[in-house]
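This report concerns only the one structure given below.
All of these numbers come straight from a predicted model, not from anything done at the bench. All heavy atoms count here, side chains included; hydrogens, waters and symmetry mates do not. Just so we're on the same page: letters track the sequence lines, and every chain starts at 1.
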Amino acid sequence: MSSESTGDAEHASSGGHHAGHPTNQESHPALRVRALESLLVEKGLIASDTVDALVQAYEQDIGPMNGAQVVARAWVDPAYRERLLDNGAEAIAELGYGGIEGSEIRVLENTPEIHNVVVCTLCSCYPWPVLGLPPSWYKSHAYRSRTVIEPRAVLREFGLELDDSVEVRVWDSSADVRYMVLPQRPAGSEGMGEAELADLVTRDSMIGVALARTPSGVR
Amino acid sequence: MSSESTGDAEHASSGGHHAGHPTNQESHPALRVRALESLLVEKGLIASDTVDALVQAYEQDIGPMNGAQVVARAWVDPAYRERLLDNGAEAIAELGYGGIEGSEIRVLENTPEIHNVVVCTLCSCYPWPVLGLPPSWYKSHAYRSRTVIEPRAVLREFGLELDDSVEVRVWDSSADVRYMVLPQRPAGSEGMGEAELADLVTRDSMIGVALARTPSGVR
Amino acid sequence: MNTGGTLGGLDRRVGQMNGVHDMGGMHGFGAIPREEGREPFHAEWEGRMFGMLLALGSHGVHDPGGLRAAQESMEPASYLGFGYFERWMWVTERALLAKGYLTLEELDQRTAELDARPDAVAQRREDPATTARLMQGVHTRSPSSREGSSAPRFRSGDSVRVRNRHSPGHTRLPRYVRGKLGAIARLHGIHDFHDAAPEGSPNLPQPVYSVRFEAEELWGEAAEARQSLYLDMWESYLELAQS
Amino acid sequence: MNTGGTLGGLDRRVGQMNGVHDMGGMHGFGAIPREEGREPFHAEWEGRMFGMLLALGSHGVHDPGGLRAAQESMEPASYLGFGYFERWMWVTERALLAKGYLTLEELDQRTAELDARPDAVAQRREDPATTARLMQGVHTRSPSSREGSSAPRFRSGDSVRVRNRHSPGHTRLPRYVRGKLGAIARLHGIHDFHDAAPEGSPNLPQPVYSVRFEAEELWGEAAEARQSLYLDMWESYLELAQS
């Protein structure tokens, strides 16, 4: 298997031999990136605290916990759910989320009859404000190539076996609209509050490769 | 540019880092092939003289000089030309050529109205008995990908500018039939004998990326 | 996002229409890798690279809208062999070199210096005002819809045929739908158009539609049961199908 | 060529229908590399590798007809990154390992030994009888046409539509013609069929046709002036077009 398919971390350790790389010397990406940052700071093109703040934002503040709140709200508030399905980005902004890769977000509702799953075949487009940066598998060549031609096989790899009566809708994010799935509210979650419900909403369930957790699976 | 695009020799020198290669250790192909041959000889799976004979055959005996003789004969002998265009492999066998990758050979006649050019997009199929093993450029990803979609641009890279009135026929060798082009007999070659004519016939003219040489270009 | 300008000389014409990045429907990439390390950054350098990429964009050093096209100008074997953040590193280096902000010599030299002194403390530069402005954009929505002058040509339910386009240059039209029959599901509004345009000709905003395809139309007998596919398509990708 | 059997466990089902090897019409591979070194072998190891490949085939160690499919089972980045003879090395190693003729350990060990002793003289083994028999095949034609029991379905001039096939496994049907309209130019006779078949079902010989396509049909507006394309196609790839 290529380093690509096992995530970037492993790739980092594979070192040089990069045909086509515009450098004279082969070097470990970690070292190369340090050199790049050092020069850009020195030349005043970037500030260290800007990079710090961006890293911190996408490591800590901007992630699937945001989308989970959106989903939980939609589960308890029918009027919000309607606004969310009608204009995702605006309804998401009501909860304070928005920004890069979130200008247009469309929310797709899973039902007993229709299961939605999101992919980006041409690159790795993803709704950053609600889900953060994509996980490695979403960026993998396997996920990008296979999801449009054999979604049921892909979902089975994620442990999700759908009945043949369910329509699988695959959304390929080729333009400026980003997609997020509104998973079905799990049975047994009646009477739970928004915060508790948000704990049931996983990243994978908002991409469409999994269902939301059932309460028994949480407690 | 990748090592691929500059031929195998350069690639050989680029060394290891082969993700997906079924070996534990990264090694130079030259070394690996020596190890492989050494083991296969030791185990009695191959004989050294067999490998010697095969290398010698494709380095010295089986090459475009064979095809050139076929073309020269067709230029001087109309009945042979007819048999050649009707059943290439049989007519080629009349001159003693045949063997691996030559079971079915179809010969394509270039005319003032029609220019034929041969490619193999899925791999590198080639009529070995008449042209030998293919040159690096024929095996390159660039030639394989581009020739079917922009043959005139490809031919221009080879220095061959065809008038827009000429139909360009591209032959993609996807099955068991192999293709060879019968180039137009050049002006000024009237009265030349077969051996002299064969000297005008280049490998590239039998693939279709060039014309046969004109006598002035030879002498 | 800003879509004017070029990425350090790497404009959309260097993107590849039928490139290896266009992998929808391809076979051979194996199982989906599920092992997860630390996400989203598996190593510190990935985070720094990502941060630099965004920081440079806010300075106008590159055009964020051209980043997809720039990646496509990578050699195919490298595109497949590189990891996600390595591709960004490649694109960023290229942009900085092309615009003259850096030379290859100084980058190589600095790399060698740092290699020799692994414990060197990085020089820092603080710019709280710029950081605050950039972080505002990270957290605040700016809609990408445009005001449209021309009325959309298609209506929901219209049967459309995707044009069989194969011109070189960047596009957002994947190969697997070209020539196929679909149906307009919804109008998304008027959006900037990102495809490569002939030099000097403007890329005017166009209506973008969500178009539905049945899996059988795309994949023939290989299609799975009850699958549909939705793709966002600019109006110029489509023509009304003869019914 | 022999088309039965498998290549050391690498049968045609591991080949890739929509694989990266199917590169007709792709962009991004740049200019055609024209520098020529020594041809056909740029280095001694390339010739030895080639000779071994043919020598092993004559022993039934692998199935020459399955070699194309076996190459397609390479990971895409490796397929693109390897040179031509390196791909054969990969396929040969795989076949020998899978059939148990070699173990990875002994191959690695021998490689290390030879690395340590670069001047070691290779052990030789002579087998003039086998060599003579093999060289006879190298120089003598054996037709690949088969006797056909069923009459060909199509006649020259027939308008045919290429089936939109996307099943995994080896095929000789390039992606760029699927779904397209062509015309039967000529019948080549009955040939063995090489595509992946479901396990246990026989791959019966079929008529093979030379089919002509107009470039506009394949590439739309990107087509060059007055271009046509001829492709050899097994009968099951085609259906009569409604006219």
Side-chain angles (χ1 to χ4, degrees), chain A residues 5-9 11-12 19-20 22 24-25 27 29-35 37-39 41 46-51 53-55 57 89 93 98-100 102-104 121-123 133 135 137 139-145 148-149 152 157 164 167-172 174-177, chain C residues 22-26 29-30 32-34 37 39-40 42-43 45-49 51-52 54-55 68 75 78 83-86 93-94 107-108 110-111 114-115 122-127 130-131 134-135 138-141 143-144 172 174 188 191 208 219 224-232:
Chain A
S5 58
T6 50
D8 296 300
H11 195 96
N24 289 326
Q25 106 177 32
S27 58
L31 188 60
R32 193 71 174 181
V33 167
R34 273 180 65 208
E37 181 169 0
S38 150
L39 284 169
V41 163
I46 58 170
S48 312
D49 60 331
T50 307
V51 178
L54 285 162
V55 170
I100 303 180
S103 295
E104 309 290 330
T121 59
L122 296 174
C123 38
L133 299 183
W137 62 258
K139 300 179 283 189
S140 72
H141 304 152
Y143 186 75
R144 288 168 55 187
S145 61
V148 292
I149 191 170
R152 285 178 195 271
E157 275 186 30
D164 268 4
E167 179 187 333
V168 178
R169 292 190 175 172
V170 180
W171 300 79
D172 185 356
S174 58
D176 294 336
V177 182
Chain C
D22 182 1
M23 50 182 70
M26 280 187 68
F29 289 108
I32 294 159
R34 296 296 310 285
E39 298 277 6
H42 300 80
W45 73 265
E46 296 186 354
R48 302 309 291 181
M49 188 62 247
M52 284 194 277
L54 260 56
R68 276 165 75 143
E75 188 193 286
S78 299
Y84 178 80
F85 292 103
E86 277 186 296
E93 280 191 23
R94 285 275 288 239
L107 186 54
D108 282 347
R110 183 60 53 94
T111 305
L114 291 174
D115 198 17
Q123 182 193 335
R124 285 185 63 87
R125 192 181 141 260
E126 316 289 329
D127 184 348
T130 297
T131 300
L134 187 61
M135 295 314 290
V138 163
H139 288 291
T140 312
R141 177 184 181 225
S144 65
R172 299 287 173 86
H188 278 310
H191 290 248
V208 173
W219 315 116
E224 290 183 342
R226 285 180 69 74
Q227 184 210 333
S228 57
L229 186 129
Y230 288 76
L231 198 61
D232 293 332

Is the closest basic N to carboxylate O distance between A/Arg169 and A/Glu167 below 4.0 Å? yes

So does C/Asp127 pair up with C/Arg125, basic N to acidic O under 4.0 Å? yes

Just checking, is any N or O donor in the side chain of C/Arg110 or A/Ser38 under 3.5 Å from an acceptor N or O on the other one? yes

Would you mind checking which part of C/Leu134 comes under 4.5 Å of any heavy atom in chain A, side chain (CB onward), backbone (N, CA, C, O), both or neither? side chain

Residue pair C/Arg34, C/Ile32: steps toward the side chain to side chain contact (heavy atoms under 4.5 Å, CB included) verdict: CA-CA 6 Å; C/Arg34 296 296 310 285; C/Ile32 294 159; 4.1 Å; yes

Out of A/Thr50, A/Val55, A/Asp164, A/Leu122, return the one with the most heavy atom pairs under 4.5 angstrom to chain C. A/Leu122

Part of C/Ala122 lying under 4.5 Å from any heavy atom of chain A: neither

Side chain to side chain donor-acceptor pair (under 3.5 Å) between C/Asp232 and A/Ser174: does it pass, once the steps are laid out? CA-CA 6 Å; C/Asp232 293 332; A/Ser174 58; 5.5 Å; no

Any Lys/Arg nitrogen of C/Glu93 or A/Arg32 sitting under 4.0 Å from an Asp/Glu carboxylate oxygen of the other? yes

Which bit of C/Met49 comes within less than 4.5 Å of chain A, counting heavy atoms only: side chain, backbone, both or neither? both

Quick check on C/Glu39 against chain A: is it the side chain, the backbone, both or neither that has a heavy atom closer than 4.5 Å? side chain

Note: vs chain A, highest number of non-hydrogen pairs under 4.5 angstrom among C/Val208, C/Thr130, C/Leu54 is C/Leu54

Under 4.5 Å heavy-atom distance to chain A, tell me which part of C/His188 shows up: side chain, backbone, both or neither. side chain

